[in-house]
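The shown structure was predicted, so the numbers you read here are calculated from the model rather than taken from an experiment. Computation of the quantities below employed the complete heavy-atom set of this structure, encompassing side-chain atoms and omitting hydrogens, waters and symmetry-equivalent molecules.
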Number of protein chains: 2
Amino acid sequence: METNTIVENSRTQMRRGVLEYSILLVLRSGDEYASSIIQKLKDVDIIVVEGTLYPLLIRLKNLGLLSYRWEESPQGPPRKYYMITDKGKQQLEELDSTWQELVRSIDSIRSGAQMQIAAAENNQ
Amino acid sequence: METNTIVENSRTQMRRGVLEYSILLVLRSGDEYASSIIQKLKDVDIIVVEGTLYPLLIRLKNLGLLSYRWEESPQGPPRKYYMITDKGKQQLEELDSTWQELVRSIDSIRSGAQMQIAAAENNQ
DNA sequence: TTTTAATACCTTGTGTCGCAAAGTACTGAA
DNA sequence: TTCAGTACTTTGCGACACAAGGTATTAAAA
């Protein structure tokens, strides 16, 4: 269990890295309020908690990537539905590229051999 | 340029998330010293600097995932070559799975539609 | 009518960690 | 014996995720 902590820790780190990206991706498919975002991410094993999400949503809103509207709930207090702005969509596209590049980067380190080629090309 | 900072920031976050994993991957292909690790990661566009790497290597060594040996340099002071331990290899395998799961998770949010299925399955 | 339970949003404090910057040390050539 | 190059290390700061606790709304139960 001491051993597991190392991997668990690194797993958490990885998830953190894609948090903003994940949220934008979820909102690209439709407007959501905080709890439903948490649920959707949980469904794909990306764990986020309230204390993380709320400040993040506010940050993204202040950056102009998101906006929100209030909407009545069938039960309980009103919900704050977040939606992605045009600016948000544009940034999301860039993050998409970034993500794909990262996947490619990891792939090439994983298969070790290619690295010498890349290194040779860059070192000239 | 204000706009770029958002993406740049998120890009950095993503890279951070895979730092430990990347280092273990590099060392799986062979022993390396700090500067050469930095170079190899730079070759695949994963930027790491000394102030980040040294503490990280020490942390991984203290966790028993890495060990090192000193080796003469053809020029300059001796180099600390890090190598991955058996424990490190075992943990790396788990990180490999973690990474693949993350890639799958992101893929499924990206294609939005699948999410309702997953949600329906989990909510019963 | 007031208590409880459920839902939802928000804030504070703490710990971790990446990174810029500055420092130490070894080597060999000028 | 100074300088330049290489390599390892440490310190201080800032950002951020997250646990924990807090506020507000609603409706049903007591």
Side-chain angles (χ1 to χ4, degrees), chain A residues 5-23 31-42 46-63 65-83 102 123, chain B residues 5-23 31-42 46-63 65-83 102 123:
Chain A
T5 317
I6 305 169
V7 170
E8 204 45 58
N9 198 38
S10 224
R11 187 193 307 267
T12 303
Q13 288 278 95
M14 285 188 193
R15 276 196 294 241
R16 281 181 190 167
V18 295
L19 250 190
E20 286 191 11
Y21 179 45
S22 304
I23 290 164
D31 305 349
E32 305 284 352
Y33 66 105
S35 307
S36 65
I37 294 176
I38 290 174
Q39 188 55 50
K40 281 195 190 294
L41 291 179
K42 198 176 174 187
I46 296 176
I47 308 300
V48 200
V49 295
E50 289 190 326
T52 300
L53 186 60
Y54 282 102
L56 218 174
L57 287 173
I58 290 167
R59 198 159 76 235
L60 292 176
K61 189 213 67 184
N62 290 338
L63 288 170
L65 309 198
L66 301 183
S67 61
Y68 67 84
R69 65 168 189 279
W70 287 100
E71 202 166 291
E72 291 295 314
S73 163
Q75 202 179 23
R79 296 166 174 174
K80 211 171 181 177
Y81 276 83
Y82 281 89
M83 57 202 108
L102 185 63
N123 285 344
Chain B
T5 318
I6 304 170
V7 170
E8 204 45 59
N9 199 37
S10 223
R11 187 194 306 267
T12 304
Q13 288 278 96
M14 286 188 193
R15 277 195 294 240
R16 282 181 190 167
V18 295
L19 250 190
E20 286 191 11
Y21 179 44
S22 303
I23 290 165
D31 307 349
E32 304 284 353
Y33 66 105
S35 307
S36 65
I37 294 175
I38 289 173
Q39 188 56 50
K40 280 196 191 294
L41 290 179
K42 197 176 175 189
I46 296 176
I47 309 298
V48 200
V49 296
E50 289 190 325
T52 300
L53 186 60
Y54 282 102
L56 217 175
L57 288 173
I58 291 166
R59 198 160 76 234
L60 292 176
K61 190 212 67 189
N62 290 339
L63 288 170
L65 309 198
L66 301 183
S67 62
Y68 66 83
R69 64 169 190 279
W70 287 101
E71 202 166 290
E72 291 296 315
S73 162
Q75 201 177 23
R79 296 167 174 174
K80 212 171 181 176
Y81 275 82
Y82 280 90
M83 58 202 107
L102 185 63
N123 284 345

- Task: Would you check if the side chain of B/Ser10 reaches a backbone N or O of B/Val7 as a donor-acceptor pair within less than 3.5 Å?
- Result: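 Looks like no, no N/O pair under 3.5 Å.
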Nearest-Å distance, [atom1] ([X]) to [atom2] ([N])?
X       : N      : atom1 : atom2 : result
B/Tyr33 : D/dA7  : OH    : P     : 4 Å
B/Trp70 : C/dA25 : CH2   : P     : 13 Å
B/Leu57 : D/dA7  : CG    : P     : 14 Å
A/Ile38 : C/dC9  : CD1   : C1'   : 11 Å
B/Lys80 : D/dC8  : NZ    : P     : 8 Å
A/Leu41 : D/dA17 : CG    : C1'   : 15 Å
A/Arg15 : D/dC16 : CZ    : C1'   : 16 Å
B/Arg16 : C/dA20 : CZ    : P     : 9 Å

- Query: Quick one: which of C/dC9, D/dT10, D/dA17 gets closest to the side chain of B/Ile58?
  - Reply: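 Looking only at heavy atoms from C-beta outward on B/Ile58, the closest nucleotide is D/dT10.
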- Output the single nucleotide from C/dC19, D/dC16, C/dA8 whose closest atom is nearest the side chain of A/Arg79.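 Minimum distance to the A/Arg79 side chain belongs to C/dA8.
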- Message: With nearest nucleotide decided by heavy atoms, which residue, A/Val49 or A/Glu72, maps closer to the 5′ end of DNA chain D?
- Response: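 By nearest-heavy-atom nucleotide position, the 5'-most residue is A/Val49.
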- Nearest-nucleotide comparison on DNA chain D, the residue closer to the 5′ end among B/Pro78 and A/Leu19: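 Of the two residues, B/Pro78 wins.
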- Query: What's the spacing between A/Leu41 CG and A/Ser22 OG if we round to 0.5 Å?
  - Reply: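 Between atom CG of A/Leu41 and atom OG of A/Ser22 there are 5.5 Å.
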- Give the minimum heavy-atom separation between B/Pro77 and B/Ser73, together with the two atoms involved.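 So the minimum-distance heavy-atom pair works out to O-CB, 3.2 Å.
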- What are the two closest non-hydrogen atoms of A/Ala34 and A/Leu57, and how far apart are they?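 Smallest interatomic distance, heavy atoms only, reads CB-CD1, 4.2 Å.
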Would you tell me if any nitrogen or oxygen in the side chain of [X] comes within less than 4.0 Å of OP1 or OP2 on [N]?
X       : N      : value
B/Gln13 : D/dA15 : no
A/Tyr54 : C/dC9  : yes
A/Asn9  : C/dC17 : yes

- Query: Is there a side-chain contact between A/Glu32 and A/Gln39 (heavy atoms, below 4.5 Å)?
  - Reply: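 Result no, sub-4.5 Å side-chain heavy-atom pair not found.
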- Task: Look at the side chain of A/Glu50 against the base of C/dC9 and say whether a donor-acceptor pair falls under 3.5 Å; ignore hydrogens and angles.
- Result: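 Yes, a donor-acceptor pair under 3.5 Å.
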- Message: Please compare A/Thr52 and B/Ile47 by the position of their nearest nucleotide in DNA chain C and report the one closer to 5'.
- Response: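 The residue mapped nearer the 5' terminus is A/Thr52.
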- Map A/Pro55 and A/Ser73 onto DNA chain C by nearest heavy atom, then report which one ends up closer to the 5' terminus.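 Its nearest nucleotide being more 5', the pick is A/Ser73.
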